[in-house]
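What follows is one structure encoded as C-alpha coordinates, with my remarks underneath.
Order of the sequence lines fixes the chain letters, A, B, ..., with proteins taken first and strands second; residue numbering starts at 1 for each chain.
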Amino acid sequence: METIDTSQLEIIQKELAQKVVIFENGQGYIPENEDIIFSLDVQYVGEQAYVALDVMRWSGELLGIFGSLQVATFSYIPQFFSFREAPILINLIKAVQQKTGFKPALLIIDGHGIAHPRRFGVACYVGIETQIPTIGCAKEPLLRYEGNLGNERGSYIPLFLENEEVGSVLRTQNGIKPVFVSAGHLTSLEVANQVILTLSTTYRISEPLRRADHAARCYAKGESLPNFSIV
DNA sequence: GCGACAG
DNA sequence: ATCTTGTCGC
(Lines give C-alpha, C1' and ligand atoms only; values in the text may rest on other atoms or scores of the structure.)
Protein backbone atom coordinates (compact mmCIF):
# COMPACT_ATOMS: atom_id res chain seq x y z
CA MET A 1 0.00 0.00 0.00
CA GLU A 2 1.22 3.41 -1.03
CA THR A 3 0.64 6.32 1.32
CA ILE A 4 -0.15 9.59 -0.41
CA ASP A 5 0.49 13.03 1.02
CA THR A 6 -2.93 14.59 0.66
CA SER A 7 -1.86 17.90 2.20
CA GLN A 8 -0.13 18.79 -1.09
CA LEU A 9 -3.21 17.75 -3.03
CA GLU A 10 -5.34 19.96 -0.81
CA ILE A 11 -3.19 22.95 -1.75
CA ILE A 12 -3.61 22.13 -5.44
CA GLN A 13 -7.38 21.81 -5.00
CA LYS A 14 -7.60 25.21 -3.30
CA GLU A 15 -5.62 26.81 -6.13
CA LEU A 16 -7.68 25.20 -8.87
CA ALA A 17 -10.91 26.05 -7.02
CA GLN A 18 -10.12 29.72 -7.56
CA LYS A 19 -10.61 29.22 -11.29
CA VAL A 20 -14.13 27.90 -10.79
CA VAL A 21 -16.93 30.31 -11.68
CA ILE A 22 -20.31 29.73 -10.07
CA PHE A 23 -23.14 32.13 -10.90
CA GLU A 24 -25.84 33.39 -8.62
CA ASN A 25 -29.30 32.05 -9.25
CA GLY A 26 -30.75 33.69 -12.36
CA GLN A 27 -27.35 34.18 -13.98
CA GLY A 28 -24.94 31.97 -15.92
CA TYR A 29 -25.86 29.10 -18.20
CA ILE A 30 -29.55 28.32 -18.67
CA PRO A 31 -30.58 25.43 -20.95
CA GLU A 32 -32.35 25.99 -24.28
CA ASN A 33 -34.07 23.41 -26.47
CA GLU A 34 -31.37 23.04 -29.13
CA ASP A 35 -28.58 22.71 -26.55
CA ILE A 36 -26.48 19.56 -26.64
CA ILE A 37 -25.80 17.91 -23.29
CA PHE A 38 -23.02 15.42 -22.59
CA SER A 39 -23.48 13.13 -19.57
CA LEU A 40 -20.74 10.74 -18.46
CA ASP A 41 -20.17 7.71 -16.29
CA VAL A 42 -17.35 5.20 -15.74
CA GLN A 43 -17.20 1.52 -14.87
CA TYR A 44 -13.94 0.12 -13.55
CA VAL A 45 -12.45 -3.31 -14.02
CA GLY A 46 -9.36 -2.95 -11.88
CA GLU A 47 -7.66 0.13 -13.31
CA GLN A 48 -9.31 -0.28 -16.70
CA ALA A 49 -11.84 2.53 -17.03
CA TYR A 50 -14.75 1.92 -19.39
CA VAL A 51 -16.15 5.39 -19.99
CA ALA A 52 -19.49 6.20 -21.60
CA LEU A 53 -20.79 9.55 -22.84
CA ASP A 54 -24.47 10.17 -23.60
CA VAL A 55 -25.35 12.88 -26.12
CA MET A 56 -28.83 14.40 -26.02
CA ARG A 57 -30.58 17.66 -26.73
CA TRP A 58 -32.24 19.57 -23.92
CA SER A 59 -35.44 19.07 -25.93
CA GLY A 60 -35.06 15.35 -25.15
CA GLU A 61 -33.75 13.88 -28.39
CA LEU A 62 -31.07 11.17 -27.96
CA LEU A 63 -28.24 11.72 -30.43
CA GLY A 64 -25.95 8.83 -29.51
CA ILE A 65 -23.77 7.18 -26.88
CA PHE A 66 -20.00 6.98 -27.17
CA GLY A 67 -17.36 5.10 -25.24
CA SER A 68 -13.64 4.62 -24.79
CA LEU A 69 -11.43 2.34 -22.73
CA GLN A 70 -8.79 4.13 -20.70
CA VAL A 71 -6.42 3.35 -17.84
CA ALA A 72 -6.69 5.08 -14.49
CA THR A 73 -3.31 6.33 -13.28
CA PHE A 74 -4.34 7.73 -9.90
CA SER A 75 -5.85 5.74 -7.05
CA TYR A 76 -9.23 6.52 -5.54
CA ILE A 77 -8.96 8.68 -2.44
CA PRO A 78 -12.14 10.15 -0.93
CA GLN A 79 -12.18 13.94 -1.50
CA PHE A 80 -9.50 13.57 -4.19
CA PHE A 81 -11.59 11.60 -6.63
CA SER A 82 -11.18 14.23 -9.34
CA PHE A 83 -7.50 13.45 -9.78
CA ARG A 84 -8.47 9.92 -10.73
CA GLU A 85 -11.51 10.43 -12.88
CA ALA A 86 -11.47 13.93 -14.36
CA PRO A 87 -8.62 13.30 -16.84
CA ILE A 88 -10.45 10.20 -18.08
CA LEU A 89 -13.69 12.11 -18.58
CA ILE A 90 -11.96 15.03 -20.29
CA ASN A 91 -10.25 12.68 -22.75
CA LEU A 92 -13.56 11.23 -23.91
CA ILE A 93 -15.29 14.63 -24.05
CA LYS A 94 -12.57 15.96 -26.35
CA ALA A 95 -12.53 12.82 -28.48
CA VAL A 96 -16.28 12.90 -29.01
CA GLN A 97 -16.24 16.60 -29.85
CA GLN A 98 -13.47 16.07 -32.36
CA LYS A 99 -14.86 12.95 -34.01
CA THR A 100 -18.55 13.88 -34.13
CA GLY A 101 -18.56 17.65 -34.23
CA PHE A 102 -21.08 17.81 -31.38
CA LYS A 103 -20.59 20.98 -29.33
CA PRO A 104 -21.90 20.49 -25.80
CA ALA A 105 -23.54 23.42 -24.04
CA LEU A 106 -23.61 21.52 -20.74
CA LEU A 107 -21.81 18.62 -19.09
CA ILE A 108 -23.38 16.41 -16.42
CA ILE A 109 -20.90 14.52 -14.28
CA ASP A 110 -21.44 11.61 -11.88
CA GLY A 111 -19.91 13.18 -8.75
CA HIS A 112 -19.85 16.49 -6.90
CA GLY A 113 -19.28 20.05 -8.09
CA ILE A 114 -18.55 22.62 -5.37
CA ALA A 115 -20.38 20.61 -2.70
CA HIS A 116 -16.93 19.47 -1.61
CA PRO A 117 -14.79 20.29 1.46
CA ARG A 118 -12.56 22.58 -0.65
CA ARG A 119 -15.15 23.43 -3.30
CA PHE A 120 -13.41 21.27 -5.88
CA GLY A 121 -15.30 18.15 -6.87
CA VAL A 122 -14.73 16.29 -10.12
CA ALA A 123 -17.32 18.41 -11.96
CA CYS A 124 -15.27 21.53 -11.17
CA TYR A 125 -12.11 19.97 -12.55
CA VAL A 126 -13.86 18.96 -15.78
CA GLY A 127 -15.48 22.39 -16.01
CA ILE A 128 -12.35 24.51 -15.71
CA GLU A 129 -10.45 22.21 -18.05
CA THR A 130 -13.09 22.31 -20.80
CA GLN A 131 -14.56 25.76 -20.05
CA ILE A 132 -18.03 24.31 -20.58
CA PRO A 133 -20.88 24.77 -18.06
CA THR A 134 -20.86 21.72 -15.79
CA ILE A 135 -23.14 20.17 -13.18
CA GLY A 136 -22.27 17.50 -10.62
CA CYS A 137 -24.79 14.90 -9.42
CA ALA A 138 -23.62 12.35 -6.83
CA LYS A 139 -25.37 9.40 -5.26
CA GLU A 140 -23.78 9.94 -1.84
CA PRO A 141 -23.03 13.14 0.08
CA LEU A 142 -19.55 14.41 0.87
CA LEU A 143 -20.69 17.21 3.16
CA ARG A 144 -22.76 16.54 6.28
CA TYR A 145 -26.22 18.05 6.38
CA GLU A 146 -29.16 18.31 8.73
CA GLY A 147 -32.85 18.87 8.39
CA ASN A 148 -35.81 16.86 7.18
CA LEU A 149 -36.24 16.39 3.48
CA GLY A 150 -39.80 16.46 2.15
CA ASN A 151 -41.05 13.18 0.78
CA GLU A 152 -42.18 14.51 -2.56
CA ARG A 153 -40.29 14.69 -5.84
CA GLY A 154 -38.71 18.14 -6.11
CA SER A 155 -38.17 18.58 -2.37
CA TYR A 156 -34.67 19.68 -1.46
CA ILE A 157 -32.59 20.94 1.41
CA PRO A 158 -29.40 22.98 1.07
CA LEU A 159 -25.87 21.72 1.58
CA PHE A 160 -23.79 24.31 3.39
CA LEU A 161 -20.07 24.89 3.57
CA GLU A 162 -18.90 27.67 5.88
CA ASN A 163 -22.39 29.21 5.90
CA GLU A 164 -22.52 29.29 2.12
CA GLU A 165 -25.04 27.26 0.14
CA VAL A 166 -22.99 25.04 -2.16
CA GLY A 167 -25.38 22.29 -3.18
CA SER A 168 -28.67 20.48 -2.64
CA VAL A 169 -30.02 17.23 -1.31
CA LEU A 170 -32.64 16.72 -4.02
CA ARG A 171 -35.49 14.21 -4.05
CA THR A 172 -36.01 13.19 -7.67
CA GLN A 173 -38.86 10.71 -7.04
CA ASN A 174 -41.50 10.47 -4.31
CA GLY A 175 -40.21 8.55 -1.30
CA ILE A 176 -36.94 7.60 -3.00
CA LYS A 177 -33.48 8.32 -1.63
CA PRO A 178 -32.29 11.74 -2.80
CA VAL A 179 -29.30 12.68 -4.96
CA PHE A 180 -26.69 15.36 -4.21
CA VAL A 181 -26.50 18.18 -6.71
CA SER A 182 -24.10 21.08 -7.14
CA ALA A 183 -22.82 23.41 -9.82
CA GLY A 184 -19.37 22.60 -11.16
CA HIS A 185 -18.60 25.61 -13.36
CA LEU A 186 -20.29 28.45 -15.26
CA THR A 187 -23.80 27.83 -13.98
CA SER A 188 -25.91 28.27 -10.84
CA LEU A 189 -27.19 25.92 -8.19
CA GLU A 190 -30.73 26.75 -9.25
CA VAL A 191 -30.09 25.59 -12.80
CA ALA A 192 -28.25 22.51 -11.55
CA ASN A 193 -31.27 21.51 -9.49
CA GLN A 194 -33.70 22.25 -12.28
CA VAL A 195 -31.72 20.32 -14.89
CA ILE A 196 -31.34 17.22 -12.72
CA LEU A 197 -34.97 17.25 -11.65
CA THR A 198 -36.25 17.79 -15.18
CA LEU A 199 -34.13 14.95 -16.57
CA SER A 200 -35.09 12.55 -13.75
CA THR A 201 -38.39 11.59 -15.33
CA THR A 202 -38.82 8.02 -14.08
CA TYR A 203 -36.01 6.91 -11.82
CA ARG A 204 -33.87 8.25 -9.01
CA ILE A 205 -31.02 8.89 -11.46
CA SER A 206 -31.51 11.22 -14.42
CA GLU A 207 -32.10 9.58 -17.80
CA PRO A 208 -28.81 10.61 -19.44
CA LEU A 209 -26.69 9.49 -16.48
CA ARG A 210 -28.63 6.21 -16.38
CA ARG A 211 -27.98 5.65 -20.05
CA ALA A 212 -24.29 6.40 -19.59
CA ASP A 213 -24.14 4.07 -16.60
CA HIS A 214 -25.86 1.31 -18.51
CA ALA A 215 -23.70 1.81 -21.61
CA ALA A 216 -20.48 1.74 -19.57
CA ARG A 217 -21.62 -1.47 -17.85
CA CYS A 218 -22.40 -3.17 -21.14
CA TYR A 219 -19.14 -1.94 -22.62
CA ALA A 220 -17.14 -3.30 -19.68
CA LYS A 221 -18.82 -6.69 -20.10
CA GLY A 222 -18.32 -6.79 -23.86
CA GLU A 223 -22.06 -6.66 -24.52
CA SER A 224 -23.41 -4.82 -27.54
CA LEU A 225 -25.80 -1.90 -27.24
CA PRO A 226 -27.79 0.06 -29.83
CA ASN A 227 -26.63 3.63 -30.51
CA PHE A 228 -23.26 2.90 -28.93
CA SER A 229 -19.99 3.66 -30.73
CA ILE A 230 -16.42 3.42 -29.54
CA VAL A 231 -14.35 6.50 -30.38
C1' DG B 1 -8.14 11.40 19.66
C1' DC B 2 -11.83 9.05 16.67
C1' DG B 3 -14.72 8.42 12.90
C1' DA B 4 -16.29 9.65 8.33
C1' DC B 5 -14.97 9.87 3.53
C1' DA B 6 -18.03 11.24 -4.24
C1' DG B 7 -16.42 6.93 -7.63
C1' DA C 1 -16.29 1.45 -8.03
C1' DT C 2 -16.48 -4.04 -7.12
C1' DC C 3 -17.61 -8.63 -4.69
C1' DT C 4 -22.33 -11.25 -4.10
C1' DT C 5 -28.45 -14.67 -3.70
C1' DG C 6 -32.53 -14.47 -3.89
C1' DT C 7 -36.46 -11.85 -4.45
C1' DC C 8 -39.94 -8.45 -5.57
C1' DG C 9 -42.22 -5.88 -9.28
C1' DC C 10 -43.16 -3.82 -13.93
Side-chain angles (χ1 to χ4, degrees), chain A residues 1 3-7 9-10 12-13 16-17 20 39-54 67-93 107-128 134-146 159-161 166-170 172-185 189 192-193 196 201-223:
Chain A
M1 275 305 192
T3 304
I4 292 171
D5 181 9
T6 54
S7 64
L9 296 177
E10 287 188 22
I12 295 171
Q13 287 183 327
L16 293 175
V20 172
S39 304
L40 298 96
D41 194 26
V42 182
Q43 297 294 319
Y44 292 95
V45 178
E47 299 305 286
Q48 306 292 300
Y50 293 84
V51 198
L53 186 159
D54 178 277
S68 72
L69 172 56
Q70 299 179 49
V71 178
T73 57
F74 202 98
S75 62
Y76 170 69
I77 309 168
Q79 300 187 15
F80 303 93
F81 173 57
S82 64
F83 295 110
R84 174 177 176 82
E85 196 154 290
I88 288 169
L89 299 175
I90 292 162
N91 281 344
L92 182 56
I93 291 165
L107 307 175
I108 302 177
I109 304 298
D110 187 0
H112 294 288
I114 63 166
H116 175 282
R118 286 163 297 283
R119 292 178 170 76
F120 198 68
V122 61
C124 300
Y125 193 132
V126 174
I128 63 169
T134 308
I135 288 170
C137 183
K139 294 181 281 301
E140 299 290 340
L142 203 41
L143 300 176
R144 294 290 135 204
Y145 63 95
E146 51 189 41
L159 286 168
F160 285 103
L161 181 68
V166 294
S168 315
V169 180
L170 176 66
T172 55
Q173 299 298 337
N174 296 342
I176 300 297
K177 177 180 176 170
V179 297
F180 304 87
V181 178
S182 52
H185 192 45
L189 176 56
N193 286 335
I196 294 301
T201 53
T202 314
Y203 300 98
R204 175 183 179 231
I205 303 302
S206 66
E207 291 302 311
L209 280 180
R210 282 189 82 250
R211 285 193 297 261
D213 178 89
H214 183 235
R217 280 194 142 78
C218 291
Y219 184 26
K221 290 171 145 183
E223 298 169 359

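- With hydrogens and angles ignored, the 3.5 Å screen pairs no side-chain donor or acceptor of A:R118 with any backbone N or O of A:A17.
- Taking every heavy atom of both residues into account, A:L170 and A:N193 meet most closely at CD2-O, 3.8 Å.
- The phosphate of B:dG3 has neither OP1 nor OP2 within less than 4.0 Å of any side-chain N or O from A:R144.
- Contacts of residues 67-78 of chain A with DNA chain B (heavy atom under 4.0 Å): A:Y76, A:P78.
- Across C:dA1, B:dA6, B:dG7, the shortest atom-to-atom separation from the side chain of A:R84 is found for B:dG7.
- In the set B:dC5, C:dA1, B:dA6, B:dA6 carries the atom at the smallest distance from any side-chain atom of A:A138.
- Across all strands, A:P117 comes closer than 4.0 Å to no nucleic acid atom at all (heavy-atom distances).
- Summarising the geometry, the separation between OH on A:Y203 and P on C:dC10 is reported as 12 Å, rounded to the nearest angstrom.
- The side chain of A:Q43 contributes an N or O atom lying less than 4.0 Å from OP1 or OP2 of C:dT2.
- Non-hydrogen atoms lying under 4.0 Å from DNA chain C are contributed by nothing in residues 205-216 of chain A.
- By the 30° and 60° cut-offs, the orientation of the rings of A:Y145 relative to A:F180 is tilted.
- A perpendicular orientation is assigned to the rings of A:F81 and A:Y76, their planes being inclined by more than 60° (bins at 30° and 60°).
- Separating the CG atom of A:D41 from the C1' atom of B:dG7 is a distance of 9 Å, rounded to the nearest angstrom.
- Comparing B:dA6, B:dG7, B:dC5 by their nearest atom to the side chain of A:Q79 picks out B:dC5.
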